[in-house]
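Presented below is the structure to which this report refers.
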Amino acid sequence: MEIFKQFRLFFVIFILILCAVFYRSFSNSIFRYDAAKMALPSLQGENIITEEQIPGMMDKALIIDIGCSDSVLVKSVKNINKISPDSILDKKYTRKLLKHEGPIILLSSDNSTSAKIWMLLSQKGIRNIYILSYEKEFEALKYTLKADSLSMP
Amino acid sequence: MNPYLAGVLLGVVLLMAMYISGRGLGASGGIKYCVVSLVGTLDRNHAENSVYYSKYFENGRKPLKNWLTVEIFGILAGGFFSGALSKRIKFRIEKSPKISNRRRLIFAFLGGVFFVYGAQLARGCTSGAALSGMAVLSVAGFLTMIAIFGSAYLFAWFFRKNWI
Amino acid sequence: MEIRKKISVILLILGILLAILPLSSSRSLFVNPSKLLSEVLNPNVYFTVDQTAKFIVNEDTTVRIIDLRSNEEFRKICLPGAINIPYNSFIKSDPGLYLNDKSKRNIFYSNGDFYSNYALVYARGLDYRNSYVMSGGLNEWFRMVMESKFSGERISARENSLFEIRTRAGKLFTQINTLPDSLKGKFMVSARFASRKLDGGCE
Amino acid sequence: MGPLSSSFIFPEWLDLLFAFIIGTGFGFALEQAGFSSSRKLAGMFYGYDTTVIKVFFTAAIVALIGSQLLSFFGILNMNQVFVNELYIGPAIIGGVIMGAGFIMGGFCPGTGLCALSIGKIDAMVFAAGGITGAFLFAETYPFIRKLADSGYKGPVKINESIGISSGLFTLLLIIAAVLMFWIAELAEKRFARQEITDEIGS
């Protein structure tokens, strides 16, 4: 007891620091520590899937439509959650996403929206998120430079 | 003040410097800038032609209007304030009673020459390289710290008469 | 208890805490998530390729065009004046070293829309509000600037100026990307972006 | 997020004002530690007074702990804090020269200025020596330029070159420091010089 008395002030500060550390590490309302680690799957495109891969993941996957997808698949699959991108961070949705075990698939006809939502959710510590891409090759340059384009009207 | 508490105080000042300006503390750099500025006023021609001085006058820079220079004026003010607070201000030469004033002053001068010369070479003195370097875990900081203290222990035997 | 023991105990406890914490060299996004969401969903984070083409043609110095593709791709084809920061190194090193010049707007692009938008969220999450995306990426650039042809009877003044910019930007683009490799290398070195040197030390 | 100088662009006067305030704090802390006395500083190398190592390591460790906690909470971006660049040769040779200067003069530049400010005449002579030293370096720079730029390795961090986390390295440093504090206090008893300690204290 004598020891505790001598360190009283320090212990108060230490416990405050400890609380802050716990808040920083586990709170859902702020971004997780180590942004680079959370962004890793995006480096080589591991987070991008194509339509062929979907049936294999179907039974465990949570499919989220974040913007007017009109793929054939969307019509055939029943349990699609429609969430508008503005409200994806609402508590009820994030709780659902955090709880879900297994892949989460983002659908959108606009790649930029899915990319943004992917990065945001990943930084909040939600793993296993995938983006469905309708393009065969991810981030490929579809055009080549033609020398004659100099002679434009 | 108790040395450990003074250490904590110094650490907090260092942390403040890192937070405010993203840099550590430094003293020898300020001395250098004073010299550069002095040479610049006395012999502008020489300063502009020399490989060393010229880089401090590029684009109309003023060596006196510099973070490091102002910082050493701060050191003087802070030291004076603390000395006044603890009633230690007094003109005197501090030395071992076994040596003469002259000997003490000659060695103090030589010490200054060596210390600042070495600090220019190592890009920082005990505060700029060793202390600030250790606080950001830089290898340079640890290496300089070991070199300074190691060599001081090595030479301590030769100069023992000056001190004990 | 004497003060040495006291300070030793305190430092050791804090040291153990530090050793447990996941302190890697990286950091986390710190802007409030909901605020970041509404910020990045706002359409004003986009520049169209036409707007970007105008910046390029006018050599606008208030924007900096950042190419997030790999270095090989960049060497093969790039926008005039673009700076190459491959997405990998953008994430793994500290983006602040590249972005902290607040007087400039940074416009990200990649081939498609993925890398540039990841980078946008990442950069804005680190509170670099001067980050934008060239919407559609290089593919859109080719489609709009390089391969667009005017088809119609009459041309309005607005369309005319638009096409003029496209033509000029297209010419510049072709010129730079058809340079022989040796010359191109030289050009890119000069355009390469040096990360900011930090102040400090006793130099 | 800090450092403030990278988030806001300070006007020059504010930047310099901060420099002055930080300098004042620095000078105050050094003087309060008793570093305005050369005999106290030199005591480190003869064992009768080990204040130097206590202050030095406590300060470095407090700054280390503080900066890492701040960086963990997203208050300070450590990637924007200057890390001293490593030039192997100059660091060692310069360090050895500084060590010699330390034992001759009894001050280092920071403590010398501090002692000067409270009227120590030897410190004034030391500072004059320092100015001479800086001048000599500038004049001899063309001859030693090669040496001064040799062994450049960039801003390497020690924990990264060993391959452990910075927190773990800090813990190891703290353990080392705690042991050193203990040895230092033993040494102070073993090599005690009552007459010197009394005189410094006065």
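Quick note on labels: first sequence line is chain A, next is B, and so on, each numbered from 1. Heavy-atom basis, side chains included; hydrogens, waters and symmetry copies ignored.
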Quiz item: Among D:Ile61, D:Leu69, D:Thr170, D:Leu171, who wins on heavy-atom pairs under 4.5 Å with chain C?
Solution: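 So the answer, after comparing D:Ile61, D:Leu69, D:Thr170, D:Leu171, is D:Leu171.
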
Measuring from atom [atom1] of [X] to atom [atom2] of [Y], what distance do you get when rounded to the nearest 0.5 angstrom?
{"X": "D:Leu168", "Y": "C:Ile20", "atom1": "CG", "atom2": "CD1", "result": "10.5 Å"}
{"X": "D:Phe181", "Y": "C:Lys5", "atom1": "CZ", "atom2": "NZ", "result": "15.0 Å"}
{"X": "D:Leu179", "Y": "C:Ser8", "atom1": "CG", "atom2": "OG", "result": "9.0 Å"}
{"X": "C:Leu18", "Y": "D:Phe72", "atom1": "CG", "atom2": "CZ", "result": "10.0 Å"}
{"X": "D:Gln68", "Y": "C:Leu14", "atom1": "CD", "atom2": "CG", "result": "11.0 Å"}

Practice problem: State, yes or no, whether a side-chain contact exists between C:Arg4 and D:Lys54 at a heavy-atom distance under 4.5 Å. | Solution: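 They are not in contact (no side-chain heavy atoms under 4.5 Å apart), so the answer is no.
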
Quiz item: With D:Ile174, which of C:Leu11, C:Ile13, C:Ile10 fulfils side-chain contact (heavy atoms from CB on, under 4.5 Å)?
Solution: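 Going through C:Leu11, C:Ile13, C:Ile10 one by one, the side-chain contact (heavy atoms from CB on, under 4.5 Å) with D:Ile174 is satisfied by C:Leu11 alone.
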
Quiz item: Relative to chain C, which segment of D:Asn77 carries a heavy atom at a distance below 4.5 Å: side chain, backbone, both, or neither?
Solution: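 For D:Asn77, side-chain heavy atoms alone lie under 4.5 Å from chain C.
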
